[in-house]
Amino acid sequence: MSGVELKSVRKNYGAVEVIKGVDLTVRDREFVVFVGPSGCGKSTLLRMIAGLEEITVGDLLIDGARMNDVSPDARGLAMVFQSYALYPHMTVAGNMGFALMLAGVPKAERDLKVRQAAKILQLEALLDRKPGQLSGGQRQRVAIGRAIVREPKVFLFDEPLSNLDAALRVQMRVELAKLHRDLNATMIYVTHDQVEAMTMADRILVLRAGIVEQVGSPLDLYNKPANTFVAGFIGSPKMNLVGASVSRRDGQTFAFLDGGQRLPIGDVSLKDGAGITLGLRPEALLLSAGGAARGEVSVIEHLGGETLVYVDIGKGQLLTIKTGDQQPARVGDIVPISFDPSRLHLFGPDGQALN
Amino acid sequence: MVKNKRALVIRTVLGWLIAFIMAFPVFWMTLAAFKTEMDAYASPPLLVFTPTLENFAEMNQRVDYVRHAWNSVLVALGSTFLGILIAAPAAYVMAFHPTKRTRSIMLWMLSTKFMPAVGVLVPMYLMLVWLDLLDTRTALITITLLSNLPLVVWMLYSYFKEVPAEILEAGRMDGAGPLKQLRYLLVPLATPGISSTALLCIILSWNESFWCINVTAVDSGTLALAIASFSNPEGYFWAKLSAASLASVAPILIFGWVTQRQLVRGLTFGAVK
């Protein structure tokens, strides 16, 4: 059992509050990703769990024991840093065995553990090299190896892939997911990249300005975003968010788009004229006749397997439409747009989800 | 091309000229050390003369060179070693755990160098009298150490700042407390900087003369005191003074020459990393 529990955790730097009360339970063997834009406090939150930042208010429990005042090394955690933070003057083996050396583990046992970890990460041939002689991906592996050797209760990752190039990042993402399965370990992972979050997490915590916006499985967040922020942050390309106001006529409820068009929506408990936001994923929109709205195609992006069509529906409001068709329209065409009503997201004036 | 060549010639000549002006006193001192007193006073000055070693022999008769040299070595090494021992933890804390007062403390430390040493001569002298430390190496090491300390802390601070904080944080996660971070991470990583600080400190201590002349005498005087004793009320003895100066400058000059690579590497450590 290696669970992590945060209870109303807050962090202040002087008068500035950067973490504004976070409650979270990370279960044993769970892979939880903290995601959010830069400056949202996700790294600070991770560093608070690691013990590198003090917790101003609230409790941190690891395996049920309060850890607020326990030193970082005694918390049973291992951390992989964004810059890898390898010890440049030590060999790969020295880096990986450093914690064990400090803990007084005999050399023979230390070497054995380092070799085992090196085997998992395919670093055996590099054990005598210094970090300066390694490529970015190899350094990243050493940083992970250093964490594995300690056999921690919980692994902490602080944007570990952001210094790698795109191809290597995808490869390491897959390797990390595999590592999580092989080691059966609890992992907490910080990233600003929602693709990493979606692909690796069991659960995602979306953070904005020190406040938890939503916690849930990747598909929960994708299918049922709690508010416009999560709706816009999760999913690529971004969800289309269109401002509108509620209007009822002949017993039916409509949304009047800011661009002047009218769409029927299901009943909502809001007064006529109330401002709402419609959310539609690019893949939920179709270019088909009999559509509820029309617009002019302003840009087309061909990605090969899919095509992104940007349609102006008035007042410069662009809708992104994703289609599998390679030639769905031409720039300048007026196209009808339709959507599956069950995939329409409605957000109230406060930005919170209505349905 | 021609223009470039002329610029090169001008630069070279200028460079040699400046080097000559800077090295001239040492050169002249070296010449004088091998002249007789008469030759040393000759006007116009002699460039060609019969060299003699009698100045060195006389100097050794008058002052105990070996003892003074030994004192110089002890004071230079002692104050440097202790200075770095004290400054390293201070610089570590200031570089990696600064508070809002760190900046002002550092400026205050540096400001102690603004005051001329003679300003505190009387109180220092009286304190040494009370502590019964006049003419002791302990006193000289302590004073030299304290007067170099601000510089040592500043230099180590700037070298430590070059070490990424995340490396020390990784060390903390691995179980290294402040002392182990210093020993296993910071000191090995800042070795070039620490060595050049030490070298500079040794040179400064070696050449320190004010306190040496004022608070030491026969027992603990360094080479600076030995030189000073050749300018006395009986008159100046150029040749002997030069011989004494040469004998005391030579060790540190050779030391500086041997270590200059290390010195330059350390002083430009951050810039060309």
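What you see below is based on every heavy atom in this structure, not just the backbone, and it leaves out hydrogens, waters and symmetry mates.
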Y13(A)/E53(A) under side-chain hydrogen bond (donor to acceptor under 3.5 Å, both in side chains): CA gap, chis, key distance, verdict: CA-CA 10 Å; Y13(A) 289 113; E53(A) 299 280 352; 3.1 Å; yes
Residues F160(B), Y92(B); criterion ring-ring contact (aromatic ring centres under 6.0 Å, His included); working and verdict: CA-CA 7 Å; F160(B) 286 178; Y92(B) 161 77; 7.5 Å; no
Stepwise ring-ring contact (aromatic ring centres under 6.0 Å, His included) test for Y189(A) and F31(A): CA-CA 7 Å; Y189(A) 187 105; F31(A) 196 126; 5.7 Å; yes
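Contact of A103(A) with chain B is not made at all, since no heavy-atom distance falls under 4.5 Å. In this structure, chain B has a heavy atom under 4.5 Å from the side chain of R47(A), while its backbone stays farther away. The contact between L86(A) and chain B is made entirely by backbone atoms, counting heavy-atom distances below 4.5 Å.
Two rings, from F155(A) and H180(A), have their centers 6.0 Å or more apart.
For the options A147(A), S83(A), A143(A), heavy-atom pairs under 4.5 Å to chain B are most numerous at S83(A). Comparing R75(A), Q82(A), R150(A), M101(A) by heavy-atom pairs within less than 4.5 Å of chain B, the highest count is held by R150(A).
Distance alone, capped at 3.5 Å, is enough to place a donor-acceptor pair between the E208(B) side chain and the F210(B) backbone.
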